[in-house]
Number of protein chains: 2
Amino acid sequence: MAHQHPEPSAAQTDPEPAAPMPPRRRSRPTIGDVAALARVSKATVSFVVNGRAGVSSRARQRVLEAAAELGWQPSAGARALSTRRAQALGLVIRRPPELLSTDPFFPQFLAGVESGLSPLDYALVLQVVETEEAERNAYERLSHDGRADGVFLTDLQLDDRRPVLTDGLGLAALIIGPERRDSPVPALGVDDAEGVRRAVEHLHALGHRRIGHVSGAEGYVHAEARRRAWTAALDDAGLPEGPLEAADFTGAGGARATHALLDLPEPPTAILYANDLMAIAGIAAATGRGLRVPEDLSVVGFDDIPLSEYVAPPLTTIRQDVIAWGRAAAQQLVSLAQGHPFQATALPPVEFVARASTAPPAR
Amino acid sequence: MAHQHPEPSAAQTDPEPAAPMPPRRRSRPTIGDVAALARVSKATVSFVVNGRAGVSSRARQRVLEAAAELGWQPSAGARALSTRRAQALGLVIRRPPELLSTDPFFPQFLAGVESGLSPLDYALVLQVVETEEAERNAYERLSHDGRADGVFLTDLQLDDRRPVLTDGLGLAALIIGPERRDSPVPALGVDDAEGVRRAVEHLHALGHRRIGHVSGAEGYVHAEARRRAWTAALDDAGLPEGPLEAADFTGAGGARATHALLDLPEPPTAILYANDLMAIAGIAAATGRGLRVPEDLSVVGFDDIPLSEYVAPPLTTIRQDVIAWGRAAAQQLVSLAQGHPFQATALPPVEFVARASTAPPAR
DNA sequence: GGCGCCATTCAAACCGGTTTAAAATCTGAG
DNA sequence: CTCAGATTTTAAACCGGTTTGAATGGCGCC
């Protein structure tokens with residue numbers, strides 16, 4: 001009853017009064033615990049897990065056993081602090097959240113990146129920002145905080161300053177998209193032009209002569225690339241210039257642009273869209289006007305999103321293996337972050353997928 | 001003539017930099033640099049940036065000036081090591097990469113999470129794993145490595161062991177989805193049932209009596225919830241049980257299930273799908289059989305993905321504000337990770353969106 | 001037996017912060 | 001002018017690893 005409790009926490013466990021034992025912490029074992037159990041120093045344990053020479057096989061054996069018994073794995077955080085390696089890559093996306101969710105490219109790319117990263121035991125740190133300043137700040141913090149060893153640069157704009165920024169920070173970086181001249185940062189991208197050419201040839205062979213294009217958001221490198229490829233392909237095929245309508249990669253934009261093209265005095269008989277989302281919306285827009293696809297209007301998309309095969313009519317499109325692209329990008333950036341030089345990697349080429357949204361034009 | 005270049009960095013413009021010292025990553029200032037410049041100790045700087053009492057305003061002033069001059073910001077990594085707080089949340093997704101990219105829920109949720117996280121200066125660590133063991137491992141490492149202070153649990157299965165796991169790790173967690181009884185982990189989800197009821201009432205009012213359902217992947221909590229809501233809503237409306245076909249949330253599955261339902265001796269006149277992706281594929285499947293939507297078959301989706309408004313016919317669906325959900329989840333989990341108790345938050349209710357894919361049944 | 005050499009091993013410093021306990025300084029009352 | 005009490009400041013330990021420089025031990029050789 002009148003017990004004195006000079007040390008309330010110590011009074012609970014009776015048999016061990018000398019050892020102060022914090023009962024709450026169930027924290028995982030540290031390198032020190034392993035070292036103690038194996039009767040070696042922390043340094044030896046560190047050598048073993050990092051495969052460094054200079055450890056007797058007897059000691060190595062004991063360390064491995066101790067680590068296994070305790071279920072110990074080195075803490076990536078602590079390791080990052082001493083080695084300045086985060087074992088993680090960063091992906092910063094500047095886009096309002098509402099727009100992010102409409103982009104079918106993003107989740108596929110992310111899936112690919114992850115599938116490339118997880119075997120290498122790298123994590124991915126994601127940030128979505130809205131302003132350019134916040135974006136710059138994000139890269140700086142990612143670098144300085146030791147949260148990421150390298151970053152992906154996506155949605156590159158024509159006058160983008162991020163390559164210079166990451167270069168100045170000494171942060172490994174990889175541009176996702178077509179290569180650019182004079183860039184301090186290497187790029188990894190597939191050649192959109194080949195697929196576009198194949199699509200135009202396909203339409204040409206069907207008999208189309210007025211082939212329009214609905215382009216993606218202006219100022220973006222990949223939107224420009226696809227637009228230029230369309231112009232060049234028309235030229236190569238000996239066809240006249242076609243009508244162009246600028247859009248923004250969204251369903252709403254695709255629908256609007258489609259109406260604009262069909263309102264022309266001489267509307268195109270086929271339209272090539274800069275992505276599938278706009279193409280699907282375009283089919284709906286044309287159908288809504290009483291046109292039949294593909295009889296009255298042929299439609300070609302770009303990306304081959306999972307849904308494209310399952311709309312009516314199934315969409316003829318240009319397939320990019322975005323997952324493979326993401327995987328290759330992840331591997332490449334890890335390699336760059338580890339200090340290896342850039343090595344050009346072959347990506348699976350874009351592939352033209354003919355489905356039912358294209359047909360000969362009505363005579 | 002011979003200009004003097006006293007600055008050490010001046011030799012950089014030489015064409016062949018045989019420089020022995022390539023300053024790779026320019027190291028950013030540390031707390032020590034700031035302390036030295038402000039002529040105080042590291043502890044004082046730490047107190048200032050953490051808003052702790054016991055610093056004279058003179059000292060505080062000097063510290064802030066020094067930090068501003070050096071452009072110093074504390075390193076999240078080092079801070080994580082000493083405080084065991086990562087200022088980051090984790091999201092582990094167990095799904096093959098191919099499937100991840102077909103899920104329209106995911107990017108929207110991610111966008112919402114990010115929009116909730118970035119004002120709080122929290123980062124998001126993403127991991128995609130394929131096996132259950134890798135998943136468990138991921139949570140353990142996230143926790144032990146100090147990479148994340150809390151984790152989201154998504155795609156909960158009926159007998160999921162993750163709540164027990166994170167609870168055992170002492171890791172804050174939040175289930176994304178309907179609440180569950182006896183779970184050690186709180187859940188945040190909208191009530192799917194209300195939307196489903198509204199949809200069934202809508203179809204009933206139009207005159208439908210045979211209302212089928214294409215459900216999502218079996219074993220998943222949200223797929224089950226929608227299926228049960230459908231059964232209950234039919235019952236409430238005084239309608240007979242409808243035909244059910246299990247699918248998997250993908251376009252292919254939706255198409256297959258649609259054909260199965262339409263092959264029945266007495267096919268339904270309306271189908272409620274567990275997500276929009278399957279509904280859109282269902283429209284195409286029905287159209288491919290020569291049926292007209294909505295005249296011969298009414299279709300209702302679930303989610304209201306951005307494309308749903310722009311398919312032909314525009315999809316009647318049940319809208320979830322997934323972005324708001326993600327944002328609320330992020331705020332809630334941060335709060336949990338900071339040790340605050342769970343506080344039920346109101347989510348925007350699901351909303352029934354009537355478009356053109358529903359109509360009275362052909363008589 | 002004494003010596004040098006090489007292979008192991010380890011104590012200690014370090015990464016960049018936080019936090020504690022104690023020292024230093026400043027008050028104001030007596 | 002003293003001294004207790006409150007306020008401000010700092011040195012040092014710590015988080016969990018890596019890395020270095022030096023100590024230890026075993027072995028062959030003269």
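Throughout, a chain's letter reflects where its sequence line sits, starting with A, and its residues are numbered from 1.
Ser335(A) approaches Pro341(A) most closely through the heavy-atom pair OG-O, 4.4 Å. For the residue pair Ala76(A) and Arg147(B), the shortest heavy atom distance occurs at CB-NH2, 3.6 Å.
Rounding to whole angstrom units, CD1 of residue Ile31(B) and C1' of dA12(D) are separated by 14 Å. Rounded to whole angstrom, the span from the CG atom of Asp33(A) across to the C1' atom of dC15(D) amounts to 13 Å. Going from atom CG of Leu81(B) over to atom C1' of dC15(D) covers 4 Å, rounded to whole Å. When the C1' atom of dG17(C) is taken as reference, atom CZ of Arg28(B) falls 15 Å away, rounded to whole Å. Atom pair Arg141(B):CZ and dG16(D):P shows a separation of 15 Å (rounding to whole Å applied). Between the CZ atom of Arg85(A) and the C1' atom of dT18(D) there is a distance of 12 Å, given to the nearest Å. A straight line from CZ of Arg79(B) to C1' of dT19(C) spans 13 Å, rounded to a whole angstrom. For the pair Asp145(B) CG and dG16(D) P, the computed distance is 12 Å after rounding to whole Å.
For the atom pair Leu188(B) CG and Glu179(B) CD, the distance stands at 8.5 Å (nearest 0.5 Å).
Contact of the Arg79(B) side chain with the Asn50(B) side chain is registered, since non-hydrogen atoms from C-beta on lie closer than 4.5 Å. The shortest side-chain heavy-atom distance between Gln331(B) and Leu117(B) does not fall under the 4.5 Å cut-off.
At a threshold of 4.0 Å, the pair Arg161(A)-Glu132(A) counts as salt-bridged, since one of the basic side-chain nitrogens sits closer than that to a carboxylate oxygen. Asp145(B) and Arg28(A) are not joined by a salt bridge, as no carboxylate oxygen comes within less than 4.0 angstrom of a charged side-chain nitrogen. Between Glu135(B) and Arg162(B) a salt bridge is recorded (basic side-chain N to carboxylate O distance below 4.0 Å).
Toward the 5′ end of DNA chain C lies the nearest nucleotide of Ala78(B), the other residue of the pair Ala78(B) and Arg52(B) mapping further downstream.
At a threshold of 4.0 angstrom between heavy atoms, the contacts of Thr83(A) are confined to the sugar-phosphate backbone, with no base atom among them.
Residue Ser46(A) places at least one side-chain N or O closer than 4.0 Å to OP1 or OP2 of dT18(D). Considering only side-chain N and O atoms, Trp72(B) lies under 4.0 angstrom from the phosphate OP1 or OP2 of dG17(C). Distances shorter than 4.0 Å separate none of the side-chain N or O atoms of Thr30(A) from OP1 or OP2 on dG16(D).
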Protein-nucleic acid N or O pairs under 3.5 Å, nucleotides 6-12 of chain C:
residue, atom, partner, partner atom, Å
dT9(C), OP1, Ser56(A), OG, 3.0
dT9(C), OP2, Ser56(A), N, 3.0
dT9(C), OP2, Ser56(A), OG, 3.2
dC10(C), OP2, Ser41(A), N, 2.9
dC10(C), OP2, Thr44(A), OG1, 3.2

Pick out the pairs of N or O atoms, protein on one side and nucleotides 24-27 of chain D on the other, that lie under 3.5 Å.
none

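When the options Leu333(B), Val113(B), Leu89(B) are evaluated for a side-chain contact (heavy atoms from CB on, under 4.5 Å) with Tyr122(B), the one that passes is Leu89(B).
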